[in-house]
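Model, not experiment: these values are computed from the prediction. Letters go in sequence order (proteins before strands), and every chain restarts at 1.
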Number of protein chains: 2
Amino acid sequence: MPKRVDHDERRRRIAEALWRIASTRGLEGASLRDVAAEAGISLGQLQHYFRSRGDMLVFALDHINELAARRIRARIEASAAVPSPRVILRESVAEMLPLDAESRSGNLVQVAYFLHAVHDERLRGHAKEGVPVLRALFADQIRRAMADGQIAPDRDPDTEATLLICLVDGLTSYTLLDVHSPAEAMALADAHLDRLFTP
Amino acid sequence: MPKRVDHDERRRRIAEALWRIASTRGLEGASLRDVAAEAGISLGQLQHYFRSRGDMLVFALDHINELAARRIRARIEASAAVPSPRVILRESVAEMLPLDAESRSGNLVQVAYFLHAVHDERLRGHAKEGVPVLRALFADQIRRAMADGQIAPDRDPDTEATLLICLVDGLTSYTLLDVHSPAEAMALADAHLDRLFTP
DNA sequence: GTTATTGCAATACAACTGACCTGTAAAAAT
DNA sequence: ATTTTTACAGGTCAGTTGTATTGCAATAAC
């Protein structure tokens with residue numbers, strides 16, 4: 001055999017090529033041939049690493065979810081030595097919203113997957129799994145802020161966490177549609193946080 | 001010529017067949033042949049009424065938007081003789097959320113269009129146009145409630161209207177994904193309204 | 001050096017796509 | 001009665017899709 005190859009590394013490269021296409025033409029517009037061309041490899045080689053198109057889609061979704069989680073963590077750690085709950089929430093939201101071109105294309109990929117997941121049971125599991133984790137993270141921060149007197153004690157942390165996630169999702173949708181600008185989206189998120197953080 | 005036919009009525013029938021397919025298999029899964037079969041007509045007949053697939057998609061989107069707006073109006077008028085702002089907002093939200101099977105499939109069609117619209121300039125215009133109308137309607141009700149002392153006077157009506165729309169959008173997405181149930185979605189929306197309506 | 005295995009290229013294939021074209025029956029217009 | 005227009009049925013076409021198959025070069029194991 002020729003050089004022994006890192007399979008996962010190749011798969012990640014292919015997944016990234018897939019995102020580039022999915023963010024401009026949608027997931028359905030990303031045929032095996034297109035992805036192979038975008039990745040600079042042959043169709044045969046792509047098929048060597050993914051037995052089917054479905055396998056490729058699932059791998060790429062898992063990969064993008066992992067990268068997103070990593071970026072949120074990195075951003076929080078970079079923001080302050082001991083970040084306050086409000087900073088953590090705000091930075092997380094900022095990272096999730098499509099505020100720059102890169103994040104925008106990432107969100108487009110997520111949306112493409114979302115639509116697919118609604119109709120595809122296999123993808124749905126992968127698409128859903130991140131939500132409870134994120135809700136728990138948000139709810140924890142809200143609890144911390146409540147203990148600190150920054151949020152009224154009659155709020156329910158889980159409810160507030162879910163509302164915030166849903167709001168970000170909606171803000172993302174309308175930002176992608178150019179109904180409002182990235183800056184307006186962030187301002188709206190801040191307005192929501194302002195009212196969450198009232199003792 | 002044979003019986004003179006109501007073209008728009010035929011087109012509406014075809015559009016409804018398209019929704020039935022789009023809500024289960026997605027927009028891309030709705031080929032001209034599939035739509036024709038679902039509508040119980042031949043491919044030739046379908047092509048007689050729509051010169052291209054794109055035309056069909058645009059018509060069906062406009063039609064579904066119009067029906068949705070009509071249903072919201074009907075629901076509000078049915079709720080009370082002189083509906084309060086809060087009732088109007090709540091009923092509108094309830095109509096937008098995928099609370100029953102019919103509404104769910106309608107929302108699935110909307111989502112399918114949304115993803116398409118992000119990449120298709122022609123569709124984007126049609127998909128966006130409903131938002132400012134809805135925001136104006138919501139903002140009006142919020143202003144009425146503020147004048148009545150039901151909402152704190154320091155709130156910005158347009159901001160609150162936009163936040164509510166975005167929240168509903170996010171609630172819809174996660175309800176479609178079965179992250180939470182329709183009942184939970186409505187409870188979350190009520191929680192948000194509770195905090196909006198505090199003097 | 002032989003053999004077995006891996007990495008990949010190339011081709012083939014059946015299914016399906018949207019668009020286009022032609023044919024024809026029916027009825028309205030003249 | 002003739003002409004014209006409408007409403008459709010059916011077929012064709014070039015192009016694209018995911019998948020399967022075959023062939024072959026490179027190298028590790030023996």
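- The CD atom of B:E28 sits 16 Å away from the C1' atom of D:dG18 (whole-angstrom rounding).
- Residue B:I41 is classed as having no contact, given no heavy-atom separation below 4.0 Å to the nucleic acid.
- In this entry the distance linking CG of A:L43 with C1' of D:dT16 reads 12 Å, nearest Å.
- A:L32 comes within contact range of at least one nucleobase, with a heavy-atom separation under 4.0 Å.
- In this structure, CZ of B:F50 is placed 18 Å from P of C:dT17, rounded to the nearest angstrom.
- At whole-Å resolution of the value, CZ in B:R53 and C1' in C:dA19 are 13 Å apart.
- In this structure, A:H7 and A:Y49 have perpendicular ring planes: the angle between them is above 60°, well past the 30° mark.
- Listed candidates were C:dA9, C:dT17, D:dA9. Nearest to the side chain of A:S42 is C:dA9.
- Residue B:R51 is classed as having no contact, given no heavy-atom separation below 4.0 Å to the nucleic acid.
- When each of B:D194, B:D148, B:D190 is tested with B:R86 by the rule salt bridge (charged side-chain N to carboxylate O under 4.0 Å, His left out), just one qualifies, namely B:D194.
- B:D55 comes within contact range of no nucleotide atom at all, as no heavy-atom separation falls under 4.0 Å.
- Using cut-offs of 30° and 60° for the angle between ring planes, the A:Y174 and A:H180 rings count as perpendicular.
- For the side chain to side chain contact (heavy atoms under 4.5 Å, CB included) test with B:V118, the passing option among A:T24, A:N107, A:L108, A:V111 is A:L108; the others fail.
- The phosphate of C:dC8 (OP1 or OP2) has no side-chain N or O of A:H48 nearer than 4.0 angstrom.
- B:L46 places its CG atom 11 Å from the P atom of D:dA9, with the value rounded to the nearest Å.
- Remark: the backbone N or O of B:D100 is not paired with any side-chain donor or acceptor of B:S103 at under 3.5 angstrom.
- Between A:Q45 and A:R33, the residue whose closest nucleotide on DNA chain C is further toward the 5' end is A:Q45.
- To the nearest angstrom, P of C:dA19 lies 10 Å from CG of B:L57.
- Among the nucleotides C:dA19, C:dC8, D:dT19, the one closest to any side-chain atom of B:S52 is C:dA19.
- Rounded to whole Å, atom C1' of D:dT16 lies 10 Å from atom CG of A:D34.
- Between A:L27 atom CG and D:dT17 atom P there is a gap of 14 Å when expressed in whole angstrom units.
- If you find the closest nucleotide of DNA chain D to B:D6 and to B:Q47, the one lying nearer the 5' end belongs to B:D6.
- Considering only side-chain N and O atoms, A:S31 lies nowhere under 4.0 angstrom from the phosphate OP1 or OP2 of D:dT16.
- Look at A:H7 and you'll find a side-chain N or O under 4.0 angstrom from OP1 or OP2 of C:dG7.
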